[in-house]
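Heads up: the structure comes next, in structure tokens.
When reading the values below, keep in mind they use all heavy atoms of this one structure, side chains included, and skip hydrogens, waters and symmetry mates. It should be emphasised that the depicted structure is a prediction, and the values quoted were computed from it without experimental measurement. Labels below follow one simple rule: chain letters A, B, ... track the order of the sequence lines, proteins then strands, and each chain is numbered from 1.
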Protein chains: 2
Amino acid sequence: MNQKQLQSEQTKKKIAVAARALFVQKGYKATSIEDIVGATGSSKGNIYYHFKSKEGLFLFLIEEWDHEWELNWKQSEHLYNTTTEKLYAVAEQLATDDLNHPLTKAADEFFHNEEKTSEVESRMAEMNAKHLAFNQKLLQEGIDSGEFKPGDAERLAVVLEAIFFGANHLSRSLAPDKTTILYRDAVTVFLDGVAEE
Amino acid sequence: MNQKQLQSEQTKKKIAVAARALFVQKGYKATSIEDIVGATGSSKGNIYYHFKSKEGLFLFLIEEWDHEWELNWKQSEHLYNTTTEKLYAVAEQLATDDLNHPLTKAADEFFHNEEKTSEVESRMAEMNAKHLAFNQKLLQEGIDSGEFKPGDAERLAVVLEAIFFGANHLSRSLAPDKTTILYRDAVTVFLDGVAEE
DNA sequence: CACAATACTGACTGAACGTTCGGTATAGAT
DNA sequence: ATCTATACCGAACGTTCAGTCAGTATTGTG
């Protein structure tokens, strides 16, 4: 890799970092390309040289983030023995991730906005499916080991995803320390329910 | 009420109905005032005569809808004896409500968009608090009656809200018949958990 | 040095959109 | 009949913003 390619890569990274900060702070729609220009010192044209579109730039960030999350998890998963422990650990990671990397807010503002190219739609679906598969695998593990009651892991995966998604949403209007509590409570309820036996 | 006032009220209603249909169909941002003009035959100016702003119009619809929901619930609550039954009934109502009145989609697109006037923000908070209070009351009822385990109804209310919110979100990429199943599953998990006792 | 190829610039375009405002029509009051 | 308040119209305005493009600078290559 020569000088030029290196420089180019650094520029791209610089744009990505600045854009991420802005999206996190202001949300997707409210962040204009002009804002990113202001934050990077790069020109508008240059941003479009490195990224196909605003959408493309955002998608890039999302995927980068998802990828990082996955890596983190793979590195720490072995620390937990039971599926129950793993569930709490996932919740913990999601809770702190939402605090440190709250791209999530911008993410679902983005995903909700009507104008979705077919490419975006398919990537959304892909990511969604990945999350559900992750949940399902975890739950199936718990069922097989006898920790969890026998049940349809696929359907439960959807419920779990709903819980995490909802917790993420509600946490936005919560004090930071309440967020962790909410995620923990959510997992506890998911495990034991509220009903008297 | 004279002829003029009556006419005026009908016009306002007509605008509201058309706008609701459009918001439901296309979402908040994607629905332009021009669209509403097209759908009503009323002029742009007239819309602004009856409603302060696009935001104001949408807020009006949301509150109308919330109010209707509350009425419906109050009318049917007495049909259910146990809190458990009530919970399933709420889930049922939310599930079908999402199908029949999917203003929800537009609603949280709206609520997520960065540009929130302080008035909007306070109304959001108000509605949110109302939902939590509703949940809390229901859960406290169940705890007091001995149906549910002793616990912090306030914290559980947040968890329940997260579940409903998440279910609502996920249901959008689900077949209609799966929606009801998801809501039911969610309540079942909320009640009994997944863990083996 | 000449010649690309790559990296970058920023003025400009064009369209979308919410809101305003000067004006008109109509119904009720005096 | 005159007046006034309310209801309604729609062209125009101002702003925002993603994306383009013709051109310039910089770096690598033969």
For a quick check, with a 4.0 angstrom heavy-atom cut-off, what is the B/S/- contact string for nucleotides 8-13 of chain D, read 5' to 3'? BBB-B-
Partners passing ring-ring contact (aromatic ring centres under 6.0 Å, His included) against A:Tyr80 (at least two apart in sequence or in another chain): none
Using atom CD of A:Glu34 as one end and atom P of D:dT15 as the other, report the distance to the nearest whole Å. 16 Å
Base, sugar-phosphate, or nothing for B:Thr40, non-hydrogen atoms under 4.0 angstrom? nothing
Please list, one pair per line, the donor and acceptor atoms closer than 3.5 Å that link side chains of residues 36-46 of chain A to other protein atoms, with sequence neighbours excluded.
from, atom 1, to, atom 2, distance (Å)
A:Thr40, OG1, A:Ile36, O, 2.8
A:Thr40, OG1, A:Val37, O, 3.3
A:Thr40, OG1, A:Ser42, N, 3.1
A:Ser42, OG, A:Asn46, ND2, 3.2
A:Ser43, OG, A:Asn46, N, 3.1
A:Lys44, NZ, A:Glu34, OE1, 3.4

Using atom NZ of B:Lys52 as one end and atom P of C:dT20 as the other, report the distance to the nearest whole Å. 10 Å
Partners meeting ring-ring contact (aromatic ring centres under 6.0 Å, His included) with B:Phe60 (sequence neighbours left out): B:Phe51
List in chain and number order the residues that pass salt bridge (charged side-chain N to carboxylate O under 4.0 Å, His left out) with B:Lys178, two or more places apart in sequence or in another chain; answer none if no residue qualifies. none
Which residues pass the ring-ring contact (aromatic ring centres under 6.0 Å, His included) test with B:His50, sequence neighbours left out? none
Round to the nearest Å and state the distance from A:Ile33 atom CD1 to C:dT13 atom C1'. 16 Å
Can you list the residues that meet the side-chain hydrogen bond (donor to acceptor under 3.5 Å, both in side chains) rule with B:Glu77, with sequence neighbours excluded? B:Lys86
Could you state the NZ-C1' distance from A:Lys29 to C:dA16, rounded to the nearest angstrom? 10 Å
Checking B:Glu63 now: which residues fulfil salt bridge (charged side-chain N to carboxylate O under 4.0 Å, His left out) with it, not counting sequence neighbours? B:Arg123
Given atom NZ of A:Lys54 and atom P of D:dT20, what is their separation to the nearest angstrom? 15 Å
Just checking B:Lys130: does its NZ atom have more than 12 heavy atoms from other residues, nucleotides or ligands closer to it than 6.0 angstrom? yes
What's the CZ-C1' distance between B:Phe51 and C:dG18, to the nearest Å? 16 Å
Please report the C-alpha distance between A:Thr11 and A:Tyr49 in whole Å, then the side-chain angles of each, then the deciding distance to 0.1 Å, and finally whether the side-chain contact (heavy atoms from CB on, under 4.5 Å) criterion is met. CA-CA 11 Å; A:Thr11 304; A:Tyr49 177 76; over 6 Å; no
Taking CG from B:Leu6 and P from C:dG28, how many angstroms apart are they, rounded to a whole number? 10 Å
Mind grabbing the angle between the end helix axes of the helix from C:dA4-D:dT27 to C:dT30-D:dA1? Five pairs an end, 10° rounding. 10°
B:Leu57 CG to C:dT19 C1', straight-line distance once rounded to whole Å: 14 Å
